[in-house]
Amino acid sequence: MTFLAKPKPHHPTLPKNKLGFTRRDYEGKVSTLCAGCGHDSISAALIQAFWELDIQPHRVAKLSGIGCSSKTPDYFLGQSHGFNTVHGRMPSVLTGANLANRDLIYLGVSGDGDSASIGLGQFAHVMRRGVNMTYILENNGVYGLTKGQFSATADAGSKAKKGSINTDSAIDTVSLALLMGATYVARSFSGDKKQLVPLIKAGLAHQGSAFIDVISPCVAFNNHDGSTKSYDFIREHNESVNRLDFWPNREAINIDYAEGAVIEVPQHDGTILKLRKTNPDYDPTDRINAMTNIQAHAAKGEVLTGLLYVNPDSEDLHAHLNTYEAAFNKLGEKDLCPGAAMLEKINAALR
């Protein structure tokens, strides 16, 4: 699939947004991820959100790090700006780009390994600084590109593909984002498009650091010994399955459930994921209440999803630093070299 280009012709009856674009205009290249990967569902939700918001693709700057999740920006918004950084360093590159040009809409895409391990420090700082961005964390609890080791978000007591038990405490990125000062914090599930699309749209409209943790099952490495869906089992019982690039066809997990309800979602490996949507009585403007509810439900083995916290009066990094409004690429010589008198005034203020 890596050498097959996505067909460009569109059906003439496809619905268009206010800009005259169809949903296809917001797509990217053909995905090379495993069939049924939750990350592809997130890409589809992003495409839907940008299309519904009537956003011009060239106004978007999408940045990512390293990992399966960081490959996904190639699969959506093919006509937007894109930059693939090094492992864990996406937040600092995005911060620099945002300071240089605030006119673009910034979207950061990362994974649990990229954000909660090598990039943990950068993740914390981009949240506390209030960079105007939407940060999507595609969270599957494993390192998919290096064959399924536990990531820092894997729950203590969870079992790996080969049967080992994780003894380390998990990093809850949602709680960390709240603690570090993010002004928009949400959690969703890749299989719940009805919930995820509105959360993305609200995050894009938010002024400040918007963080969305999306639980996204890894169909290749979140299984374990004893499962008939595991690759070990298939290799032992089917000689034709002897190539690492061969993936069986698996259906993506999709769910629908009412607000306030708890649902058990079967994973591809047979394990059960418990999700709870926040109910209408939940106050998302209370940071302390959000942190308390997250921990209370985690203690019961549940994952709280929905809009967990939002500060409607938030400001971004530019407001904090009182930066110059014009983008750097629009500054002329007079703006960049104001003269000796201005330089002396600046120096005097620092004495």
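Both backbone and side-chain heavy atoms feed into the values below; hydrogens, waters and symmetry mates do not.
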Practice task
Classify the side-chain pair D172/S175 by whether it contains a donor and acceptor separated by less than 3.5 Å.
Solution key: yes

Exercise for the section: Indicate the atoms forming the closest heavy-atom contact of L19 with D54, along with that distance. Expected result: CD1-O, 3.1 Å

Fill in the blank from the handout: d(L63 CG, S110 OG) to nearest 0.5 Å is 11.0 Å

Handout entry: Full working for side chain to side chain donor-acceptor pair (under 3.5 Å) between Q195 and S188
Key = CA-CA 7 Å; Q195 181 191 53; S188 190; 2.8 Å; yes

Handout entry: Student check: side-chain heavy atoms of R102 and T323 closer than 4.5 Å
Key = yes

Handout entry: Reported CZ-to-CG distance for the pair R59 and L104, which is rounded to 0.5 angstrom
Key = 8.0 Å

Practice task
Determine whether N98 and M133 make a side-chain contact, defined as any pair of heavy atoms from C-beta on separated by less than 4.5 Å.
Solution key: no

Problem - Heavy-atom donor-acceptor pair, R287 side chain to L178 backbone, under 3.5 Å - result: yes

Exercise for the section: Verify, without hydrogens or angle tests, whether N139 (side chain) and D112 (backbone) share a donor-acceptor contact under 3.5 angstrom. Expected result: no

Practice task
Without swapping roles, check the side chain of S190 against the backbone of S216 for a donor-acceptor pair under 3.5 Å.
Solution key: no

Practice task
Please confirm whether the backbone N or O of A319 pairs with a side-chain atom of D316, one donor and one acceptor, at under 3.5 Å?
Solution key: yes

Exercise for the section: Kindly say whether A327 contributes a backbone atom to a donor-acceptor pair with the side chain of N101 at under 3.5 angstrom? Expected result: no

Exercise for the section: Provide the closest heavy-atom pair for V142 versus S151 in the form atom of the first, atom of the second, distance. Expected result: N-OG, 3.7 Å

Practice task
Measure the OG1-NE2 distance between T72 and H39 for me, rounded to the nearest 0.5 Å.
Solution key: 7.0 Å

Handout entry: Residues that R23 engages under salt bridge (Lys or Arg N to Asp or Glu O under 4.0 Å), provided they are two or more places apart
Key = E27

Handout entry: V93 and Q122: CA distance, side-chain angles, deciding distance, side chain to side chain contact (heavy atoms under 4.5 Å, CB included) verdict
Key = CA-CA 10 Å; V93 177; Q122 298 225 350; over 6 Å; no

Problem - Single-linkage hydrophobic cluster, 4.5 Å side-chain cutoff, L204 and V131 together - result: no

Practice task
Following the transitive rule for hydrophobic clusters with a side-chain heavy-atom cut-off under 4.5 Å over Ile, Leu, Val, Met, Phe, Trp and Tyr, establish whether M127 and Y309 coincide in one cluster.
Solution key: yes

Handout entry: Backbone of C218 reached by a side-chain donor or acceptor of N140 within 3.5 Å
Key = no

Exercise for the section: Quickly, which of L33, I42, V30 forms a side chain to side chain contact (heavy atoms under 4.5 Å, CB included) with Y75? Name it, please. Expected result: L33

Handout entry: Listed partners of H81 passing side-chain hydrogen bond (donor to acceptor under 3.5 Å, both in side chains), at least two apart
Key = none

Practice task
With side chain to side chain contact (heavy atoms under 4.5 Å, CB included) as the test, would you mind laying out the steps for I118 and I66 before giving the verdict?
Solution key: CA-CA 10 Å; I118 191 171; I66 297 295; over 6 Å; no

Exercise for the section: Locate the shortest heavy-atom distance separating L331 from Y324; write the atom from each residue and the value. Expected result: CD2-CE2, 3.2 Å

Practice task
Look up atom CG in L120 and atom NE2 in H125, then write down how far apart they are to the nearest 0.5 Å.
Solution key: 9.5 Å

Exercise for the section: Could you check if a side-chain atom of I55 sits within less than 4.5 angstrom of a side-chain atom of L77, using non-hydrogen atoms only? Expected result: no

Practice task
Say whether, by atom type as modelled, one donor and one acceptor occur between the side chain of S209 and the main chain of T183 under 3.5 angstrom.
Solution key: no

Handout entry: Listed partners of H318 passing ring pair (Phe, Tyr, Trp, His ring centres under 6.0 Å), at least two apart
Key = none

Exercise for the section: Treating Ile, Leu, Val, Met, Phe, Trp and Tyr as nodes and any side-chain heavy-atom pair under 4.5 angstrom as an edge, say whether Y26 and L46 lie in one connected cluster. Expected result: yes

Problem - Greater than 12 external heavy atoms within 6.0 Å of E344's CD - result: yes

Problem - K330 with D103: basic N within carboxylate O range, under 4.0 Å - result: yes

Problem - Test item: side-chain donor near acceptor, S64 and N84, under 3.5 Å - result: yes

Handout entry: Listed partners of F123 passing ring pair (Phe, Tyr, Trp, His ring centres under 6.0 Å), at least two apart
Key = Y135, F211

Handout entry: Taking every non-hydrogen atom, the tightest pair across A116 and T153
Key = CB-CG2, 3.9 Å

Problem - Sequence neighbours excluded - ring-ring contact (aromatic ring centres under 6.0 Å, His included) pairs with any residue from residues 92-121 - result: none

Exercise for the section: Identify the two heavy atoms, one from Y184 and one from H206, that lie closest to each other, and give their separation to 0.1 Å. Expected result: CB-CD2, 3.6 Å

Exercise for the section: Decide whether F189 and V303 are clustered together by the hydrophobic rule: side chain heavy atoms of Ile, Leu, Val, Met, Phe, Trp, Tyr closer than 4.5 Å, transitively. Expected result: yes

Problem - Pair V60-F50, side chain to side chain contact (heavy atoms under 4.5 Å, CB included): steps then yes or no - result: CA-CA 10 Å; V60 181; F50 279 96; 3.6 Å; yes

Problem - Separation of K71 NZ from S43 OG (nearest 0.5 Å) - result: 11.5 Å

Handout entry: N17 side chain vs W51 backbone, donor-acceptor pair below 3.5 Å
Key = yes

Exercise for the section: Please tell me if the side chains of Y282 and N289 come closer than 4.5 Å, counting only heavy atoms from C-beta onward. Expected result: yes

Problem - Between CG on residue L307 and OG1 on residue T285, distance to nearest 0.5 Å - result: 9.5 Å

Practice task
Find out whether T305 and D192 are in side-chain contact, i.e. whether some heavy atom of one side chain is under 4.5 Å from a heavy atom of the other.
Solution key: no

Exercise for the section: Kindly give the heavy-atom pair with the smallest separation between I47 and F76, and that separation in Å. Expected result: CG1-CB, 3.5 Å

Exercise for the section: May I have the step-by-step check of side chain to side chain contact (heavy atoms under 4.5 Å, CB included) for D114 and H87, ending in yes or no? Expected result: CA-CA 6 Å; D114 197 53; H87 206 182; 2.9 Å; yes

Practice task
Inspect the surroundings of NZ in K29 and state if more than 12 heavy atoms from other residues, nucleotides or ligands are less than 6.0 Å away.
Solution key: no

Practice task
May I ask you to decide if A290's main-chain N or O and N293's side chain share a donor-acceptor pair within less than 3.5 Å?
Solution key: no

Practice task
Examine L137 and M291 and state if one hydrophobic cluster contains both, with Ile, Leu, Val, Met, Phe, Trp and Tyr joined whenever side-chain heavy atoms are less than 4.5 Å apart.
Solution key: yes

Problem - Sequence neighbours excluded, every pair satisfying salt bridge (Lys or Arg N to Asp or Glu O under 4.0 Å) that has a member inside residues 75-84 - result: none

Practice task
For residues L99 and L321, determine if any side-chain heavy atom of one lies less than 4.5 Å from a side-chain heavy atom of the other.
Solution key: yes

